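Since this is a predicted model, take the numbers as computed values, not measurements.
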Amino acid sequence: MSEFRSKFLDVYSLLKSELLHDPAFEFTDDSRQWVERMLDYNVPGGKLNRGLSVIDSYKLLKQGEKLTEDEVFLASALGWCIEWFQAYFLVLDDIMDKAVTRRGQPCWFRVPKVGMVAVNDGIMLRNHISRILKNHFKEKPYYVDLMELFNEVEFQTASGQMIDLITTLEGEKDLSKYSLPLHHRIVQYKTAYYSFYLPVACALLMAGENLENHNDVKNILIDMGTYFQVQDDYLDCFGLPDVIGKVGTDIEDFKCSWLVVKAVELSDEKQKTLLHGVFSEYERKSYKKLLKSIEVHPSDAVQAVLKSFLAKIYKRQK
């Protein structure tokens, strides 16, 4: 549990208030109420790991220095930008997947009177990120780098979503087209960049680092994101809906899930029992490989950031 959680939640309220009184738009009472309800329903309801990771990573990069109020606020604001980013993609992803539940409640588009207004709400969520960055980072030397980072990761995530969706169309006809390299490619772009690389990249920029000097860190985080998504595929099938907060539908949706890829490889065996064992072996080997990659990094501070990420996801249940 991050020591900054309560301050982080306070920053959400402040950012929300700013957005609901944005001078670029003349709000009516109805429109302000709609946006506030939409934000509260979609942005802060998850585990907040991605957002909190920005503050935790920044603190580790500062190597024990006490963070100022301003540093905690700015790191929190960047963390919330990632939570907004996540909400943006999930709102639209659930529509595309015709999903039923998300985080233990109906998907936003399934809420009465919301429906396809949710498409515009997704666009609003994305635009809020730019407003937050403009409001709090415009005078920072790394402002342009931040804007470019979010734009690039958005492009990568949307492209990952595209290959996931068009691959699913092929998979409905022929599951044998699925392979581990294809699964890795989808996961890398759809999940790993925004869930793992983006929080650390934000912390590095705040700490005055040039991201071009940290490609090794990016590669380790992408590998970690792949491991995370394999866990997600596993939990989608075998996790308890009450624990993971949703009813998993990857198998019936013909998704290029790690379980499907492995089932295609091992289709002559008793799949359910076997897949449990195969996943456990995958988890063990992935952890060992990631730890080895992290421990060769020359910076102890960066090692600490990467190890803290790995500790959060190893053997997770949801």
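No single ILVMFWY cluster, assembled from side-chain heavy atoms under 4.5 Å apart, contains both Phe27 and Ile123. Linking Ile, Leu, Val, Met, Phe, Trp and Tyr whenever their side-chain heavy atoms come within less than 4.5 Å leaves Val187 and Phe228 in two separate clusters. Under the 4.5 Å side-chain heavy-atom criterion for ILVMFWY residues, a single connected hydrophobic cluster contains both Met124 and Trp80. Residues Met147 and Val144 fall into different hydrophobic clusters, defined by Ile, Leu, Val, Met, Phe, Trp and Tyr side chains chained together at heavy-atom separations under 4.5 Å.
Taking a 6.0 Å sphere around CZ of Arg110, one finds it holds more than 12 heavy atoms contributed by other residues, nucleotides or ligands. The number of heavy atoms from other shown groups lying within 6.0 Å of CD (Glu212) does not exceed 12. No more than 12 heavy atoms of other residues, nucleotides or ligands shown are found within 6.0 angstrom of CD on Glu152.
Two residues are said to be in side-chain contact when any heavy atoms from C-beta on lie closer than 4.5 Å; Leu90 and Arg103 meet this criterion. Thr157 places a side-chain heavy atom less than 4.5 Å from the side chain of Phe85. A heavy-atom distance below 4.5 Å is found between the side chains of Ser76 and Val72. Annotation: side chain of Met38 is not in contact with side chain of Val114 (no heavy-atom distance under 4.5 Å). Between Ser159 and Phe155, some side-chain heavy-atom pair lies under the 4.5 Å cut-off. In this structure the side chain of Lys190 reaches within 4.5 angstrom of the side chain of Asp93, judged on heavy atoms. Counting heavy atoms from C-beta on, the side chains of Tyr282 and Trp258 come closer than 4.5 Å. At least one side-chain heavy atom of Leu39 sits less than 4.5 Å from a side-chain heavy atom of Val35.
For the atom pair NZ of Lys292 and CD1 of Ile220, the computed distance is 12.5 Å after rounding to the nearest 0.5 Å. The structure places CG of Asp121 at 7.5 Å from CG of Asn42, a figure rounded to the nearest 0.5 Å. Taking CH2 of Trp34 as the start and CG of Asn120 as the end, the distance is 10.0 Å to the nearest 0.5 Å. Taking OH of Tyr193 as the reference point, atom CG of Leu149 lies at 11.5 Å (rounded to 0.5 Å). Note: His136 NE2 to Leu74 CG = 8.5 Å, rounded to the nearest 0.5 Å. The line from CG of Asn219 to OH of Tyr197 is 10.0 Å long, rounded to the nearest 0.5 Å.
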Criterion side chain to side chain contact (heavy atoms under 4.5 Å, CB included) on Thr28 and Gln33, from CA distance to verdict: CA-CA 9 Å; Thr28 61; Gln33 283 168 17; over 6 Å; no
Give the intermediate values and the outcome of side chain to side chain contact (heavy atoms under 4.5 Å, CB included) for residues Leu198 and Arg50. CA-CA 9 Å; Leu198 185 55; Arg50 293 168 181 82; over 6 Å; no
Determine, stepwise, if the pair Glu283 / Tyr227 fulfils side chain to side chain donor-acceptor pair (under 3.5 Å). CA-CA 8 Å; Glu283 182 157 64; Tyr227 162 52; 3.0 Å; yes
For Leu146 and Leu78, what are the C-alpha separation, side-chain angles and deciding distance, and is it a side chain to side chain contact (heavy atoms under 4.5 Å, CB included)? CA-CA 9 Å; Leu146 271 179; Leu78 287 179; 3.7 Å; yes
Would His183 and Asp233 count as a side chain to side chain contact (heavy atoms under 4.5 Å, CB included) here? Give the steps. CA-CA 11 Å; His183 178 267; Asp233 290 353; 2.7 Å; yes
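Contact record, Ala77 with Val11: N-CG1, 4.1 Å, taken as the closest heavy-atom pair. Shortest non-hydrogen contact noted between Gly160 and Ile186 is O-CG2, 4.2 Å. Nearest heavy atoms, Arg131 versus Ala24: NH2-CB, 3.2 Å. Contact between Ala158 and Phe89 at its shortest, heavy atoms only, is N-CZ, 3.8 Å. Val261 approaches Ser179 most closely through the heavy-atom pair CG1-C, 3.7 Å. The heavy-atom pair separating Phe137 from Tyr143 by the smallest distance is O-CB, 3.1 Å.
Judged purely by distance below 3.5 Å, without hydrogens or angles, the side chains of Tyr88 and Glu154 pair a donor atom with an acceptor atom.
With respect to the salt-bridge test (charged N to carboxylate O, under 4.0 angstrom), the residues Glu69 and Lys7 qualify. Using a 4.0 Å cut-off between charged side-chain N and carboxylate O, Glu71 and Lys59 make no salt bridge. By the 4.0 Å N-to-carboxylate-O rule, Lys134 lies too far from Asp22 to be salt-bridged with it. For the pair Lys285 and Glu281, the salt-bridge criterion is met [side-chain N within less than 4.0 Å of a carboxylate O]. For the pair Lys16 and Asp40, the salt-bridge criterion is met [side-chain N within less than 4.0 Å of a carboxylate O]. Of the charged side-chain nitrogens involved, at least one lies within less than 4.0 Å of a carboxylate oxygen, so that Arg316 and Asp232 count as a salt-bridged pair.
Distance alone, capped at 3.5 Å, is enough to place a donor-acceptor pair between the Gln231 side chain and the Ile313 backbone. Under the 3.5 Å distance criterion, the side-chain polar atoms of Ser17 are left unmatched by any main-chain donor or acceptor of Leu14. A donor-acceptor pair under 3.5 Å is formed between the side chain of Arg32 and the backbone N or O of Leu20.
The six-membered or imidazole ring of Phe4 lies away from that of Phe8, with a centre-to-centre distance of 6.0 Å or more.
Taking the six-membered ring where the residue is Trp, Tyr234 and Phe238 present tilted rings, their angle falling between 30° and 60°. Note: Trp108 and Tyr41 have tilted aromatic rings, judged against thresholds of 30 and 60 degrees for the angle between ring planes. Using bins of under 30°, 30° to 60° and over 60° for the plane-to-plane angle, the ring pair His297/His214 lands in the parallel bin.
For the pair Lys312 and Phe309, the distance from NZ or CZ to the six-membered ring centre is under 6.0 Å and the angle to the ring normal is within 45 degrees.
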